[in-house]
Amino acid sequence: MELIRGKVWKYGDDVNTDVIFPGKYTYTVTDPEEMAAHALEDLDPDFAKNMKPGDIVVAGKNFGCGSSREQAAFALKYAGVGAVVAKSFARLYFRNAINAGLPVIQAPEAVDAIEPGEVIEIDLEKGELRCKAGTFRFPPLPDAVLGIFQAGGLIPYTRKRLGIEG
Amino acid sequence: MGKTFAEKVLGKKAGKDVVAGEIVEIVPDFAMSHDNTAAIAKTFEKIGVAQLYDPNLHVIILDHAAPAPNAKFAENHKEIREFVRKHGIPNFFDINRGICHQVMVEEGFALPGLVVVGSDSHSTTYGAVGAFGTGIGRSEMAVIMATGRIWLRVPETMKIVVQGTPPEGVSAKDIMLKIIGDLGADAATYMAVEFTGETIERMTLASRMVLSNMAVEMGAKIGYIPPDDTTLEYVRPRARKEFEVIHSDPDATYAETHTFDVSDLEPQVACPHTVDNVKPISEVKGTKIHQVFFGSCTNARLEDFEVVAKALKGRRVHPDVRMLVFPASQQVYLEALKKGYLQTILEAGAIVMNANCGPCMGNHAGIPASGEVSLSTSNRNFRGRQGNVEAEVYLCSPLTAAASAIAGEIADFRDVL
């Protein structure tokens, strides 16, 4: 797995799915580029305009709480977000992110140490996050779930499992 | 060592002994999807399997924007109807049936001891009848269509014990808001919640559904309530499948236990913009409101209509307030009609619409304007939730909603009625 390296966009606790990808778009906006343009719209309208592919979203506890809508994970993935680092994740968001192939890292101490705007580095294989304040370790994904993530998400994983090529 | 409900039900489905923390792969008993079925169908088609694993597994209910408010939503519904026809899915309920979670219970798909997943976070509602009901993502539902399977982590369990008789008019919604406010929006993340105690044993099934429905607002995977005679009396005549009542063992291991005494509980209100920002009515009353939304999968059942109709009887909705009413299902609508509740509500100046989700997630039918306050019996008050980031949403019980509609501001029903 490649090293993830990007600029930090830092937010607070309880960033919910309605501000990540508003409910009013959930049945009408399906094009990946258009979804990316709405990422984090109701939390930080500048995010989608100014972020660069590879940038990293850092947030407090309970990231992605609320709806089951997986577009909240796919919108960040399509925008090119390198990873989301949070103190904790809501369970549905965690599942959806894995299924979308979006790296989600639970590292509460690192979140406190990371400063907005700094460039950080994440090594998924070693379970290490490096920022100005130092190096922080995080637990790897359970084996049963790692396979889905490594395949690039649940759909490619399922195709592989069913022996469907391409 | 004893096992929890979650360990027992997932162990039974996986065909082996499991403990919290393990990951199992299972075939659910039913899989519910709603207006998001069109997107799920497209993902299913991407997988490259021609047939559904089992058309009988799926229950599809249109409710999120029903009837369609614009051409895009209409296309969405059309694609779903075509998909249902193409694959011969027998359990399809079009826009004339009601809110998905209510319909799942009324139609006997949510049953004790079954694993029922839904591509909607409020699928925790099925815990009210003793099912393992949980929300999943769209891709996961597409994979269930293709393979029948889903992975689930066996959750640890948090026990919530509720004791005491609440003061008159203080309802399950007030109790649940109090619990979420005290414990926090992430208190039960990755966990199963089991509600027990004398207060819950005395509750109607409709009231229990409020607790299970909102369990996800504290991060829970399920909101299980042990089935009893109240449950069985309801589910037996409508069961679509054989079921088995499963209880936690008396010596099961709980990660946490919290006890609440509701004997002196005041009406509760969740303030903007998080569900755990809960205050007693005494601290919020007097807040000016512009819209009352009485509806949603949380609080729009017959007993809620009874309470609201009694409150509105012979009174008027305040001239500065729009009161929007959405029954949880067509069945509730008809019952409320027969009992005269709808007439009372209409005579008070409220607007009664068809059974659907309404403005709950900002799709249609009552989006608040900028600077307005929407007081809602629904379950979420996140910024922008009802379709406008410049509006504020407060959450309360149906009785508080009715009293406030009359007063034109958030009100203590004991002052108004």
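All of these numbers come straight from a predicted model, not from anything done at the bench. Chain naming here is simple, since letters A, B, ... match the order of the sequence lines and numbering starts at 1 in each.
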Practice item. For atom NZ of A/K10, decide whether the heavy atoms of other residues, nucleotides or ligands shown that lie under 6.0 angstrom number more than 12. Key: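 Result for NZ/A/K10: enclosed.
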**Study point:** Most contacts with chain A, counted as non-hydrogen pairs under 4.5 angstrom, among B/I367, B/T274, B/D120
**Key:** B/D120
Review point. Chain A: which of B/K221, B/E25, B/K72 shares the most heavy-atom pairs with it under 4.5 Å?
Key: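 Ranked by heavy-atom pairs under 4.5 Å with chain A, first place is B/K221.
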**Study point:** Test item: B/I23 and A/P142 side chains (from C-beta on) under 4.5 Å apart, heavy atoms
**Key:** yes
Review point. Would you say A/Q71 and B/R138 make side-chain contact, with heavy atoms under 4.5 Å?
Key: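 SC-SC contact between A/Q71 and B/R138 confirmed.
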Check your understanding: Where does the angle between the aromatic ring planes of B/Y190 and A/F94 fall among parallel (under 30°), tilted (30 to 60°) and perpendicular (over 60°)?
Key ->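 If you compare the ring of B/Y190 with that of A/F94, the planes turn out perpendicular.
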Name each donor-acceptor pair under 3.5 Å that joins a side chain in residues 143-152 of chain B to protein atoms two or more places apart or in another chain, with its distance.
from, atom 1, to, atom 2, distance (Å)
B/T147, OG1, B/V143, O, 2.9
B/T147, OG1, B/R149, N, 3.1
B/R149, NH1, B/T147, O, 2.9

Which pairs would a plain distance check flag for residues 75-89 of chain A, meaning a side-chain donor or acceptor within less than 3.5 Å of a matching protein atom at least two apart in sequence or in another chain?
from, atom 1, to, atom 2, distance (Å)
A/K77, NZ, A/G101, O, 3.0
A/K87, NZ, A/D112, OD1, 2.9
A/S88, OG, A/N62, N, 2.8

Practice item. Would you mind checking which part of B/H64 comes under 4.5 Å of any heavy atom in chain A, side chain (CB onward), backbone (N, CA, C, O), both or neither? Key: side chain
Exercise for review: Check whether B/A185 gets within reach of chain A through its side chain, its backbone, both or neither, counting any heavy atom under 4.5 Å.
Suggested key: both
Review point. Which heavy atom in A/V19 sits nearest to a heavy atom in B/R383, and how many Å separate them?
Key: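 Taking every non-hydrogen atom into account, CG1-O, 3.8 Å.
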Review point. Can B/E156 and A/R91 be counted as an ion pair, charged N to O under 4.0 angstrom?
Key: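 No, this pair does not count.
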Check your understanding: Using non-hydrogen atoms only, which part of A/D42 is less than 4.5 Å away from chain B: side chain, backbone, both, or neither?
Key ->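 Answer is both: backbone and side chain atoms of A/D42 are under 4.5 Å from chain B.
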